[in-house]
Amino acid sequence: MTIVAKQYEYNFTEIEKKWQQKWEDTHIYEVERDESKPKKYVLEMFPYPSGRLHMGHVRNYTLGDVVARYYWRLGYNVLHPMGWDAFGLPAENAAIKHGIHPKKWTYDNIANMRKQLKRMGISYDWNREVTTCDPEYYKWTQWIFLKLYEKGLAYKKKAKVNWCPNCKTVLANEQVVDGKCYRCGTPVVKKEIEQWFFKITAYADRLLEDLDKLDWPERVVVQQKNWIGKSKGTKVRFKLEDFDDYVEIFTTRIDTIYGVTFMAIAPEHPLVEKLVRGTPYEEEVMAFKEKVMNMSDIERMSTTLEREGIFTGKYAINPYNGERVPIWVGNYVLVDYGTGAIMAVPAHDERDYDFAKKYNLPIKVVIVPEEGEWDFDKGAYTEPGILVNSGPFSGMKSEEAKEALTKYAEEHGFGERSYMYRIRDWLISRQRYWGAPIPVVYCEKCGIVPVPEDQLPVKLPEVVDFEPKGAISPLATSKEFVETTCPICGGPARRETDTMDTFVDSSWYYLRYPSPHSEDKPFEEEDVKYWMPVDEYIGGAEHAVLHLLYARFINKFLYDIGYSPVDEPFQHLFTQGMVLKDGAKMSKSLGNIVDPDEMMQKYGADTTRMYTLFAAPPERDFDWKEEGIEGVFRFLKRVWNTINDLIDSVDDFDKELPPEDTWTDKEKELIRKTHWLIYRVEYDMKDNFRFNTAIAAMMEYMNLFQKIYKDVRPEVAVFGAKTFIQVMAPFAPHITEELWERMKQPYSIHMSPWPKYDEKYLKADTITVVVQVNGKVRGKLDVDAEISKDEILKLAKEIPNVKKFLEGKQIVKEIYVKGKLVNFVVK
RNA sequence: GCGGGCGUGGCGGAAUUGGAAGACGCGCUGGACUUAGAAUCCAGUGGCCCAAAAAGCCGUGUGGGUUCGAAUCCCACCGCCCGCACCA
């Protein structure tokens with residue numbers, strides 16, 4: 001048993017500082033476009049500069065760093081940049097609360113967080129730092145707006161929009177979760193205001209189809225698919241009985257149209273008023289409409305809300321069979337989906353069924369199951385089946401009937417094939433100060449006039465009254481900002497005072513890193529052509545339908561107008577799990593925050609990094625445990641002591657391994673394990689970043705190394721130690737760099753080639769074969785790897801314990817799985 | 001309700017994809033070194049049976065199935081997490 005005699009002081013603070021300085025001085029992580037080398041673009045979602053890094057950031061950026069460092073070692077030219085999603089409400093709130101200017105607040109926070117990231121030893125190319133609130137950046141955010149406007153994809157309209165009374169601004173649909181503001185949780189209310197929108201719906205089909213090209217987590221893909229919510233169906237126009245007008249409906253179940261017994265329209269539908277005006281129904285119907293419209297979104301969206309409705313007194317005609325169909329107003333019909341009106345088929349739709357039961361409307365069966373019976377007293381039959389009572393279409397199967405009925409509608413001009421989407425256009429105006437101004441002016445003569453490109457950026461004025469004013473942006477208080485001249489006629493004009501949603505800023509930042517200093521273009525063609533797409537994008541899954549959808553949209557647009565070289569920006573997406581404490585998300589109010597600075601001070605950056613990787617598989621949530629980080633700290637100290645002890649006893653660190661035929665058993669064991677380690681870590685890197693098991697392999701290796709390094713020749717031990725720290729370098733960059741230097745190796749370990757394993761050392765010459773009888777382990781054999789089946793079966797039968805179980809039985813089958821096990825099946 | 005994921009020791013988690021369940025770490029127990037502790041090192045650690053060991057039996061949410069062999073595949077059920085949810 002060998003015990004490390006000496007303890008070496010592991011002064012991580014000094015070591016980490018020393019190397020961070022040297023990396024910076026020698027610019028080793030700075031990268032240039034180089035067509036002669038293969039590239040990798042590794043990107044982590046940039047943070048909002050809140051002022052302090054949290055453990056979620058530490059985990060996120062450590063993951064990215066390991067990947068980036070690994071790719072460097074494989075010989076790639078690696079782009080690994082960092083920046084700041086620097087516009088946003090908290091800066092403005094700080095200004096209101098503490099009287100600090102949002103700009104100062106933001107830049108102070110950035111300075112602190114940049115320091116924290118450097119202290120973590122992340123391999124960023126800081127020359128490429130991008131800050132979205134920098135006029136040199138938002139100039140191009142505004143430019144993108146102008147390009148969208150030019151193509152008719154940015155437009156202004158008066159709309160009922162989501163308003164957060166707490167944040168005092170409007171929100172996009174994606175930013176409303178369960179009827180509440182995604183940021184502060186306040187229930188949103190509807191407000192009718194003129195707002196700017198981006199026409200993301202024009203890209204709905206491509207955003208949907210191209211999901212198949214991406215190497216993304218299923219979960220995120222599914223979320224985007226649901227959000228886009230495409231469904232295939234048929235539009236049908238039902239003529240009104242008393243007017244020269246019609247009700248248009250959308251249905252995915254045109255095969256049930258002979259079963260229509262009423263129609264239901266949304267209370268907000270413009271037809272409602274027209275149908276009942278001046279009739280005895282008017283008063284009641286309008287009262288019902290009021291009642292429904294006064295409900296909050298939360299109430300209205302509630303699944304427990306009872307289906308209610310009211311008859312309008314009017315009828316429409318089913319164009320297929322000429323039947324008169326009563327028109328109702330229903331609270332369950334949504335004005336902003338489909339056409340805001342439905343054909344109701346109680347026999348084959350649960351909602352219509354409930355409604356019909358409640359108001360005693362007829363239930364007409366037009367679909368029966370292909371096999372078996374359906375009891376319509378119990379509920380609607382909503383599955384496909386065979387059509388009955390459907391005129392000439394009776395007897396057809398649902399799928400076939402859908403085609404035939406749609407074709408019929410098209411031929412007779414009262415309907416056609418149609419697709420509906422759940423996704424709405426992206427509302428991008430915000431009534432707040434700290435954002436990129438929308439580059440538009442309003443001229444009395446010329447109307448809406450986009451600011452010419454050569455006048456960008458439209459700069460934010462420094463002095464304004466930040467106090468929110470309701471539906472008016474704080475920018476409106478700045479006379480100097482608002483009052484301008486029209487770029488067309490030169491007459492007096494007013495600037496748009498709303499700013500853009502911060503998700504616009506972050507929808508293209510990955511394109512800026514390749515050319516962060518470009519002055520007359522958002523980015524250079526050769527740069528993005530070389531670097532794009534992002535090969536590895538790492539961040540939280542909470543952005544599934546926010547940032548990740550917006551970024552895909554904006555990139556597609558830039559691709560279409562010839563700027564982005566790729567139609568999808570993020571080839572591979574990795575969504576990491578959260579860091580919890582005591583089973584809950586860390587938060588100030590719960591008082592369960594673990595501070596990264598504190599951890600780095602107590603254990604060092606290497607330990608903190610490795611613990612966040614070791615604690616759990618990276619895609620899973622994990623609970624922060626002080627004992628856990630101590631375990632990793634112990635491991636690094638063990639590495640430090642052992643390798644320093646070796647270093648003390650060796651002079652020449654560059655000696656070749658001795659010839660293979662002279663290797664002792666222990667040397668052979670250590671050399672084999674070394675190859676195994678490289679293989680294991682590579683395997684885990686490739687298999688979805690399984691860094692937890694990669695680190696486990698390093699620990700396993702160290703356990704063996706420590707046991708036998710004194711019993712092997714120095715060159716063998718040095719080979720093992722060098723390989724080990726080379727493999728560990730992407731995970732713990734400082735301690736490995738220090739040990740590398742102490743082994744007199746050329747700077748820097750992080751630019752040294754990744755070690756290679758040799759297959760032949762992965763297989764041992766002797767293997768342990770398990771011997772089973774009827775599937776139960778009864779013995780083991782250590783045998784030569786190349787042993788024949790006959791031989792091993794013979795040996796197996798001689799094991800006393802196996803013999804015991806074979807005695808008096810008849811062997812019906814003998815199984816030998818090469819290198820693994822023998823199984824005797826006996827009776 | 002629909003869709004997706006998961007369920008393994010006291011805990012976090014392994015199991016190279018159908019072949020020794022529990023790697024690695026934490027925790028715990030015993031020991032060495034120490035006046036003592038911390039640190040470090042060594043040994044042990046799924047349960048049952050046993051004074052102990054060997055041998056044996058049980059064991060991957062539950063019940064069934066396929067297979068020589070199942071944590072892994074199939075069916076049913078239970079529980080947890082995530083997403084969607086009157087979408088016509």
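Lettering of chains follows the sequences in order, A, B, ..., and the numbering in each one begins at 1. Note that the structure is a prediction, hence the values are computed from the model and not measured.
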Counting only side-chain heavy atoms from C-beta out, which of [options] sits nearest to [X]?
X: Glu700(A); options: rC24(B), rG19(B), rA88(B); value: rC24(B)
X: Ile342(A); options: rA88(B), rA20(B), rC68(B); value: rA88(B)
X: Val777(A); options: rC26(B), rA88(B), rA20(B); value: rA20(B)
X: Arg778(A); options: rG56(B), rG25(B), rA20(B); value: rG56(B)
X: Ile815(A); options: rG83(B), rA14(B), rC68(B); value: rC68(B)
X: Met699(A); options: rC24(B), rA88(B), rA14(B); value: rC24(B)
X: Arg620(A); options: rA14(B), rG69(B), rA55(B); value: rA14(B)
X: Arg638(A); options: rC26(B), rG25(B), rA20(B); value: rG25(B)
X: Arg219(A); options: rG83(B), rC82(B), rA23(B); value: rC82(B)
X: Thr693(A); options: rA88(B), rC24(B), rA14(B); value: rA14(B)

How about [X] and [Y]: are their ring centroids closer than 6.0 Å?
X: His675(A); Y: Tyr761(A); value: yes
X: Trp328(A); Y: Tyr359(A); value: yes
X: Tyr611(A); Y: Trp624(A); value: yes
X: Phe614(A); Y: Phe691(A); value: no
X: Phe705(A); Y: Phe724(A); value: no

Give [X] one of three labels, base, sugar-phosphate or nothing, depending on what nucleic acid heavy atoms sit under 4.0 Å from its own.
X: Glu218(A); value: nothing
X: Asn703(A); value: sugar-phosphate
X: Val825(A); value: sugar-phosphate
X: Gln772(A); value: base
X: Phe805(A); value: sugar-phosphate
X: Arg680(A); value: nothing
X: Thr339(A); value: nothing
X: Asp623(A); value: nothing
X: Gly628(A); value: nothing
X: Val632(A); value: nothing

Problem - Syn or anti for rG44(B) (syn when the glycosidic angle lies within 90° of 0) - result: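 Nucleotide rG44(B) adopts anti.
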Practice task
Name the orientation of the base relative to the sugar in rU45(B): syn if the glycosidic angle is within 90° of 0, else anti.
Solution key: anti
Could you tell me whether the phosphate oxygens of [N], OP1 or OP2, come under 4.0 Å of any side-chain nitrogen or oxygen in [X]?
X: Arg634(A); N: rG27(B); answer: yes
X: Tyr683(A); N: rU16(B); answer: no
X: Arg690(A); N: rA23(B); answer: no
X: Asn801(A); N: rG56(B); answer: yes
X: Lys813(A); N: rC68(B); answer: yes
X: Asn641(A); N: rU40(B); answer: no
X: Lys776(A); N: rA21(B); answer: no
X: Ser231(A); N: rA88(B); answer: yes

Fill in the blank from the handout: Walking RNA chain B from its 5' end, the first of Arg422(A) and Ala616(A) to be reached, judged by nearest nucleotide, is Ala616(A)
Exercise for the section: Would you mind telling me which residue lines up with the more 5' stretch of RNA chain B, Val177(A) or Ala615(A), judged by nearest nucleotide? Expected result: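 That would be Ala615(A).
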Look through every strand shown and name the nucleotide pairing with [N] as Watson-Crick or G-U wobble, where both distances are under 3.5 Å.
N: rG83(B); answer: rC2(B)
N: rU62(B); answer: rA76(B)
N: rC28(B); answer: rG44(B)
N: rA20(B); answer: none

Handout entry: Side chain Asn226(A) and base rC84(B) donor-acceptor under 3.5 Å
Key =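 Such a pair does not exist between side chain and base.
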Problem - Pair Glu630(A)-Tyr603(A), side-chain donor/acceptor within less than 3.5 Å - result: yes
Exercise for the section: Determine whether the side chains of Arg620(A) and Gln576(A) contain a donor N or O and an acceptor N or O closer than 3.5 Å. Expected result: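 Checked: Arg620(A)/Gln576(A) side chains show no N/O donor-acceptor pair below 3.5 Å.
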Exercise for the section: For nucleotides rU66(B) and rG13(B), find the distance between their C1' atoms and express it as a whole number of Å. Expected result: 30 Å
Handout entry: rG30(B) to rG37(B) separation - P atoms, rounded to the nearest Å
Key =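 Straight-line distance between the two P atoms is 13 Å.
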Problem - Glu248(A) and Arg237(A) ion-paired at < 4.0 Å - result: yes
